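Here is the structure we will look at, set down as structure tokens.
Heavy atoms only: backbone and side chains are in, while hydrogens, waters and symmetry mates are out. Just so we're on the same page: letters track the sequence lines, and every chain starts at 1. These figures come from a predicted structure and were not determined experimentally.
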Number of protein chains: 2
Amino acid sequence: MPPVDPARERTDKHDLILDAAIDVFAEKGFHHARISDIARRAGVADGTIYLYFRNKDDVLLTIFEEKMGILIAGVRVALEGITDPMQKVRVFARYHFRQVEDHRALAEVLQIELRLSNKFLKEYRPEKLWEYLGVFATIVREGQEGGVIRPDLDPFVLMWAFFGALDEIAMQWVLAKRRDKFSLEATADTVADVFIRGMAGMEPTAGSEPSRPRTVEET
Amino acid sequence: MPPVDPARERTDKHDLILDAAIDVFAEKGFHHARISDIARRAGVADGTIYLYFRNKDDVLLTIFEEKMGILIAGVRVALEGITDPMQKVRVFARYHFRQVEDHRALAEVLQIELRLSNKFLKEYRPEKLWEYLGVFATIVREGQEGGVIRPDLDPFVLMWAFFGALDEIAMQWVLAKRRDKFSLEATADTVADVFIRGMAGMEPTAGSEPSRPRTVEET
DNA sequence: TTGGCGACTGAATGGCGATTCAGCCGCTTA
DNA sequence: TAAGCGGCTGAATCGCCATTCAGTCGCCAA
């Protein structure tokens with residue numbers, strides 16, 4: 001029986017190639033990955049990839065766009081219903097690291113390979129990344145409006161600093177031989193905790209509980 | 001008159017090529033940079049580069065090794081004589097950003113291009129980077145021993161977090177079209193300040209002033 | 001003056017792998 | 001049954017550079 005829905009079939013192959021590409025890029029790096037490697041892993045012919053993507057760069061770009069879109073949607077859901085900005089910071093950190101943990105190969109590609117060339121960092125403006133980071137900047141701004149975060153701190157600087165911290169740690173985790181050497185979740189709490197204390201501005205308004213951060217060691 | 005010292009002459013060409021390579025890598029990216037580009041900019045023949053370096057990768061690696069060595073020596077000098085760990089954190093951040101500002105092309109190469117492939121992050125262990133970061137970890141450890149930094153924080157996690165924060169901000173600065181859009185020095189103070197407060201374990205010793213950080217917009 | 005040497009040159013080589021495209025296959029429709 | 005078509009194939013092409021190496025140049029020592 002032929003595929004009931006050709007569009008569905010099409011989508012399948014598109015995803016099949018992307019997933020294969022994530023694995024191959026993670027394993028060999030973008031430049032050392034051959035189109036034929038991706039094709040073989042996806043179980044299609046080399047030429048088929050060009051029916052779905054303009055070229056090799058386009059494959060990488062598409063991975064970024066599609067996966068970041070999922071990430072952004074996910075973090076918004078994770079933050080839903082939380083009102084305390086400080087708690088939001090902690091949830092953001094945990095969410096970020098959980099994604100890294102659950103999608104190791106993807107994390108590797110995004111972290112290492114996307115920083116790979118001018119193509120992706122100079123010419124190409126990663127809107128999706130900004131959108132993701134913007135979620136954090138918004139948390140900071142809300143915290144400042146609510147009086148729990150010092151108003152003299154620039155939300156954008158904090159956003160970059162926080163993301164940089166998470167990203168660097170994730171990078172080390174990804175690169176580490178023994179992935180179990182340290183727990184990303186505990187680390188998320190440590191980082192969130194340092195930022196929370198560092199950003200805290202004044203006595204929290206009565207009613208919004210202080211949400212004392214837990215540290216890694218603390219029980 | 002022939003060069004008095006042949007070794008000196010040799011060194012000159014070695015450096016000439018490295019400096020040219022830094023410019024070219026920064027401009028076009030490692031993979032799009034051609035050996036002939038470097039040669040032309042250095043004013044030597046293509047083949048000459050192979051008299052001084054094993055291959056193209058070796059040129060990049062050498063840039064990293066040599067320049068990181070200078071960076072490490074420099075930060076140690078900058079920290080000399082400072083005893084307050086918190087002050088050291090601030091000086092570290094300022095030093096880091098000053099280097100980025102003063103050696104824009106180099107910063108671009110180290111930040112963007114060194115993250116470029118498995119070659120440099122998986123197979124190659126950047127000892128020099130660890131040595132540089134280790135300086136920060138030592139500051140933290142000393143602060144913990146002196147009782148000014150909470151002892152429950154892992155120095156290595158802090159080290160990565162702090163470096164990640166600095167690095168991400170530097171990256172944004174390097175990528176920014178308008179380099180004068182924000183001052184790296186003011187930003188250094190903001191980041192250092194957040195970390196200092198975040199790591200602080202007890203009432204600051206009398207005498208160490210809180211040093212309110214400036215924000216980007218603030219003049 | 002000649003021979004030899006080290007530093008340097010830059011055109012030619014060679015390999016690699018992204019991209020192309022002529023054609024196949026299986027299904028649908030007339 | 002035949003013609004048409006969309007999706008797919010994968011071997012051949014082709015451009016791009018990193019790397020090589022035969023040869024040049026200037027200098028010195030014999």
Check your understanding: Is there a donor-acceptor contact under 3.5 Å linking the side chains of B/His14 and B/Glu66?
Key -> yes

Review point. B/Gln87 and B/Arg90: side-chain donor and acceptor closer than 3.5 Å?
Key: yes

In whole angstroms, how far is the [atom2] atom of [N] from the [atom1] atom of [X]?
X       : N      : atom1 : atom2 : value
A/Leu16 : D/dG7  : CG    : P     : 16 Å
A/Ile35 : D/dT9  : CD1   : P     : 14 Å
A/Ile49 : C/dT20 : CD1   : P     : 13 Å
A/Asp12 : D/dC8  : CG    : P     : 11 Å
B/Asn55 : C/dG15 : CG    : C1'   : 16 Å
A/Tyr50 : C/dA22 : OH    : P     : 18 Å
A/Asp58 : C/dA18 : CG    : C1'   : 14 Å
A/His31 : D/dC17 : NE2   : C1'   : 14 Å

Just to confirm, is there a sub-4.0 Å distance from OP1 or OP2 of [N] to any side-chain nitrogen or oxygen of [X]?
X       : N      : answer
B/Tyr52 : C/dC8  : yes
B/Lys56 : D/dT19 : no
A/Lys13 : D/dC8  : yes

Check your understanding: Does A/Thr48 or A/Ser36 map to a spot on DNA chain C nearer the 5' end, using the closest nucleotide for each?
Key ->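 Closest to the 5' end, via its nearest nucleotide, is A/Ser36.
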
Point to revise | B/Phe162 CZ to B/Phe136 CZ distance, which is reported to the nearest 0.5 Å | key: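 Going from CZ on B/Phe162 over to CZ on B/Phe136, the span is 4.5 Å.
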
Side chain of [X]: nearest nucleotide among [options]?
X       : options               : result
A/Ala45 : C/dA18, D/dT9, D/dA18 : D/dT9
B/Asp46 : C/dG17, C/dA11, D/dC8 : C/dA11
A/Arg34 : C/dT19, C/dG17, D/dT9 : C/dG17

Review point. Does a side-chain N-to-carboxylate-O contact under 4.0 Å join A/Asp193 and A/Arg197?
Key: yes

Review point. How about A/Trp130 and A/Phe163: are their ring centroids closer than 6.0 Å?
Key: no

